Amino acid sequence: MDIGTVTTIHRPQAAEEIVDWRPSYAWLAGGTWLFSEPQPGTDTLIDLHGLGWPELEAGPDGLTIGATCRIATLYRFEAPEAWTAAPLFRSCCEAFLAGFKIWNVSTVGGNLCMSLPAGPMISLTAALDGICTLWPRDGAPRQVAATDFVTGNHANVLRPGELLRSIHLPASALSRRAAMRVMSLTKLGRSAALVIGTSGDSGDLHLCLTAATDRPVHLRFAAMPDAAALQAALDEQIPEARWFADVHGSAPYKRHVARHLAEEVRRELAEGVRA
């Protein structure tokens with residue numbers, strides 16, 4: 001879709017070239033949402049691709065994902081063998097309500113910044129203890145946990161004009177065993193519930209719920225809980241108001257499905273602990 005209100009496009013080579021910020025400005029990465037509907041309050045686009053951020057940087061300490069990394073690039077990434085949670089990359093890419101052509105344009109950072117409950121890159125980065133690096137317009141870079149980046153439906157911690165620069169996934173999280181379950185009302189529809197669990201050598205359990213809740217919920221157990229303890233923790237740590245209702249499922253439906261998927265994830269990871 002053409003955005004008829006846009007009169008100016010900036011293509012900076014460095015973020016510092018944008019010295020001021022107006023409400024009518026918008027950062028442009030993949031643009032898959034930006035060009036999907038009218039933007040009556042936007043008259044200026046600032047293209048991020050000229051900044052030349054690396055898409056993926058793997059090292060001994062983990063993986064740094066540039067905010068402009070395309071979904072297709074993440075999907076094709078060949079992770080080190082020790083990163084046993086890396087299959088989540090492809091599983092979360094496949095949870096998009098989008099075809100492979102969109103993957104070649106849409107970005108990891110864009111999915112986080114849209115901050116929809118069902119954003120699968122939010123699910124991925126929150127579940128793997130991601131740390132977001134943010135660039136304010138007039139201050140030093142700051143870091144926020146991916147779990148805390150999204151604050152509600154289509155809401156996040158970004159200040160006006162602030163950039164999401166990258167998300168770092170630590171090797172300690174990538175080296176854990178992982179299991180994922182996702183449910184949608186339709187075969188190719190947006191997720192109604194997405195649950196990711198990871199477990200380490202100690203037999204602990206980290207469980208991250210998204211899509212069914214308004215923002216990510218991360219539960220941590222020092223030891224693998226049994227089914228009853230897990231369900232009790234879900235009741236205790238997720239207030240009723242956090243279960244998210246939309247056209248992809250009512251709040252009671254999503255709550256029921258998320259609890260069921262959480263138990264499936266727990267059971268799969270518990271088998272590895274017993275082994």
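The structure presented is a predicted model; accordingly, all values stated were derived computationally and were not measured.
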Val217 and Val265: same hydrophobic cluster, using ILVMFWY side-chain contacts below 4.5 Å? yes
If you look at every heavy atom in Glu55 and Thr68, which pair is closest and at what distance? OE2-O, 3.9 Å
Could you grab the distance from atom CZ of Arg11 to atom CG of Leu28, nearest 0.5 Å is fine? 8.5 Å
Once you round to the nearest 0.5 Å, how far does CG of Leu51 lie from CD of Glu16? 8.5 Å
Please test Lys254 against Asp214 for salt bridge (Lys or Arg N to Asp or Glu O under 4.0 Å), starting from the C-alpha separation and ending with a verdict. CA-CA 11 Å; Lys254 290 186 177 184; Asp214 60 348; over 6 Å; no
Worked check of side-chain contact (heavy atoms from CB on, under 4.5 Å) between Arg159 and Trp21: CA-CA 11 Å; Arg159 301 163 184 166; Trp21 187 265; over 6 Å; no
Main-chain N/O of Ala222 paired to Ser202 side chain as donor or acceptor, under 3.5 Å: no
Paired with Pro225, the side-chain contact (heavy atoms from CB on, under 4.5 Å) test is passed by just one of Leu219, Asp204, Leu205, namely Leu205
Non-hydrogen side-chain atoms of Leu124 and Leu74 separated by less than 4.5 Å: yes
Rounded distance (nearest 0.5 Å) linking atom OG1 of Thr32 with atom CG of Asn104: 12.0 Å
Determine yes or no for a side-chain-to-main-chain donor-acceptor pair under 3.5 angstrom, with Arg137 supplying the side chain and Ile18 the backbone. yes
4.5 Å side-chain heavy-atom contact, Asp43 and Val6: no
When you group the ILVMFWY residues by side-chain heavy-atom contacts below 4.5 Å and let the links chain together, are Trp83 and Leu169 in the same group? yes
For Leu63 and Phe89: C-alpha separation, side-chain torsions, deciding distance, then whether side-chain contact (heavy atoms from CB on, under 4.5 Å) applies. CA-CA 12 Å; Leu63 179 68; Phe89 296 168; 3.7 Å; yes
Output for pair (Gln143 CD, Ile131 CD1), nearest 0.5 Å, gives 6.5 Å
Output, in order, the C-alpha distance, side-chain angles, deciding distance and verdict of salt bridge (Lys or Arg N to Asp or Glu O under 4.0 Å) for Arg177 and Glu268. CA-CA 10 Å; Arg177 293 182 300 110; Glu268 178 178 333; over 6 Å; no
Donor-acceptor check, side chain of His168 to backbone of Ile65, threshold 3.5 angstrom: yes or no? no
Step through the shown structure and confirm whether more than 12 heavy atoms of other residues, nucleotides or ligands are within 6.0 Å of CG on Asp201. no
Leu56-Leu48 co-clustered via ILVMFWY side chain contacts under 4.5 Å: no
For Gly62 and Leu174, which heavy atoms make the closest approach, and how far apart are they? CA-CD1, 4.2 Å
Any donor and acceptor pair, going by atom type alone, linking the side chain of Arg242 with main-chain N or O of Arg215 inside 3.5 Å? yes
Side chain of Ser184, backbone of Ala192: donor and acceptor closer than 3.5 Å? no
Just do the side-chain contact (heavy atoms from CB on, under 4.5 Å) check on Val157 and Asp148 with the steps written out, would you? CA-CA 8 Å; Val157 300; Asp148 300 325; 5.8 Å; no
Tell me, with the steps shown, if Arg220 and His218 meet side-chain contact (heavy atoms from CB on, under 4.5 Å). CA-CA 7 Å; Arg220 299 177 187 269; His218 207 155; 3.4 Å; yes
Is it the case that one hydrophobic cluster holds both Ile3 and Met114, taking links as side-chain heavy atoms less than 4.5 Å apart, direct or via other members? yes
Ring centres under 6.0 angstrom apart (Trp135, Trp27): no
dist Arg22:CZ -> Thr42:OG1 (nearest 0.5 Å) comes out at 11.5 Å
Using side-chain heavy atoms (C-beta onward) and a distance below 4.5 Å, is Phe35 in contact with Leu45? yes
Close side-chain approach of Leu234 to Gln231, heavy-atom, < 4.5 Å: yes
Salt bridge (Lys or Arg N to Asp or Glu O under 4.0 Å), that's the test. Do Glu263 and Arg267 meet it? Break it down for me. CA-CA 6 Å; Glu263 170 55 20; Arg267 192 181 304 123; 3.3 Å; yes
Ignoring hydrogens, what is the shortest heavy-atom contact between Gly110 and Thr107? Give both atom names and the distance. N-OG1, 3.0 Å
Mind listing the closest non-hydrogen atom pair of Ser115 and Phe149 along with its distance? OG-CE2, 4.2 Å
For Leu163 and Ala15 the tightest heavy-atom approach is CD1-CB, 4.2 Å
In the structure I gave you, are the side-chain heavy atoms of Thr44 and Ile9 within less than 4.5 Å of one another anywhere? no
Same cluster (ILVMFWY, side-chain, under 4.5 Å), Val144 and Ile167: yes
Within-4.5 Å side-chain heavy-atom neighbours: Ser250 and Trp243: no
Smallest separation among heavy atoms of Leu261 and Val195, with atom names: CB-CG2, 3.8 Å
Check: Arg266 and Leu207 side chains under 4.5 Å, non-hydrogen atoms: no
Contact check, side chains of Tyr75 and Phe96, non-hydrogen atoms, under 4.5 Å: no
Nearest 0.5 angstrom please: His206 NE2 to Leu269 CG, how far? 11.5 Å
